[in-house]
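Notes follow once the structure below has been shown.
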Amino acid sequence: MSQPLRNTTARWRALDVRHHLSPFTDYKDLKGAGGARIITHGEGVWLEDSEGARLLDGMAGLWCVNVGYGRKALAEAAYKQMLELPYYNTFFKTATPPPLELAEKLAELAPKGFNQVFYGSSGSESNDTVVRLARHYWNAVGKPEKQHFISRTYAYHGSTMASASLGGMTAMQEGFGLPLPGFHHVTPPYWYDFGGALSPEDFGIQAARAIEEKILEIGPEKVAAFIGEPIQGAGGVIVPPSTYWPEVQRICREYDVLLVADEVICGFGRTGAWFGSETLGIAPDLMTTAKGITSGYLPLSAVLVHDRITEALLEKGGEFFHGYTYSGHPTACAVALANIGIIEEEGLVERVREETGPHLQARLRELAEHPLVGEVRGIGLIGAVELVADKATRRHFPDLGKVGVICRDHCFANNVILRAVRDSIVISPPLIITKSEIDELVDRLRHCIDLTARDLGVALPGAEA
Ligand code: PXG
């Protein structure tokens, strides 16, 4: 007989130590510290831990809980669908209604020409699908040698073997036999670190031309696609200079290279448009989405495919030997429909574009005066504050990443959840955040940057010596 559960923090943390391997974790470190902080409840932008502390979630979970926590409509959509038909596959000439209804909705929301959708359960899966789909496409149109992919340093496209190959995180590749053959990386459009003496605009062109050089090095006849997030999220919220994407677009067209926008973070309202491609002026051939499509309530992802591609596939693709048990999962798709319904009814995309996005960006830019802050960047409800040793020369602290963690830990201790990427603090709150909650978030962040400065012995104006 099973024992009744004793729901205590001590028990859960002990279970975490004894039985649980969490992602992206140094086990000795976490288990040595007695296990994870246990989060038990959520409402709006607020989380609660097992000790009753309230935390302001400045990261929307992991860049995904766009409509915030505690949405009954999403639970009800899942409940209803589970009773009707929790699961059935879409493999063998069957389908269920929710993925079809959702596909129509996605085609309506997406830029013109994205009329077909391929489902998965995560951003990683969707990017694996992109690799297969792009190669399938080039096989279909009689260019089977077009197999290579170009991406960027600091890109994050997932953690499966192919999506981590697309990604540009060396720690995820070294020692894992990655990247797989045929995956190449170029400089990201990260002016602060890579721009040197160039203006951001000139650097944007230079960073785009790095793609052109790579295409020519590999041979245009061998390059299948270039993939990029409109704004690189997990790479540190890298907002490209305005000159970058138009030049990338030109290059991809010129060399007949597919352009893939990874919208896993930027999609579903984060930048103040349904898709980051619209905000950044990109006209891609394929778009990967996940996270915000269900606001994280259930796992779901979708590759949106432009007619340019599907026309060839429908005509001469033959069977596409690819798919997942949960491709088009009816319950996940029903939740996605309800989630999109909320985003529409509450006008969240417009609110991010016109009200909360500009407010967050203005409040964050006030931090640029701080002695520790080298740059503030962002659009809509995604942003980053870069902490540096010397503002004038854009010099980082030695041991890059250490100061970011100090600041992030202060945030956590002060009940605001933000992430550190190298020495940038990144911000991506639920889209329902109010202006006063944004004020609270930025005020707490400023306090934590002050605490970080104090730890580093950096003098603050107005503070006693
Ligand atoms: N593309 C992008 C742009 C992402 O941000 C993925 C693909 C992969 O999605 P899945 O669902 O397979 O995780 C992501 C995921 C972080 C962090 O530390 C970011 C992500 C995942 C885990 C951690 O910021 N992004």
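Position 1 is the first residue of the sequence; numbering continues from there. Both counts, for ligands and for their atoms, begin at 1 and track the order of listing.
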Once salt bridge (Lys or Arg N to Asp or Glu O under 4.0 Å) is applied, do any residues pair with Arg377, and if so which ones, sequence neighbours excluded? Glu375, Glu386

Using a 3.5 Å distance criterion without hydrogens, assess whether the side chain of Glu213 forms a donor-acceptor pair with backbone atoms of Val186. no

Hits for ring pair (Phe, Tyr, Trp, His ring centres under 6.0 Å) against Phe118, two or more places apart or cross-chain, chain-then-number order -> Phe320, His322

Taking atom OH as the centre, does Tyr326 end up with more than 12 heavy-atom neighbours from other residues, nucleotides or ligands that are less than 6.0 angstrom away? no

Close residues, ligand 1: non-hydrogen atom nearer than 4.0 Å: Leu62, Trp63, Ser122, Gly123, Ser124, Asn127, Tyr156, His157, Gly158, Glu229, Ala234, Asp262, Val264, Ile265, Lys291, Arg419

Any heavy-atom pair between the side chains of Val442 and Ile427 that's under 4.5 Å? no

Name all residues meeting the salt bridge (Lys or Arg N to Asp or Glu O under 4.0 Å) criterion together with Glu104; count only those two or more places apart in sequence or in a different chain, and write none if there are none. none

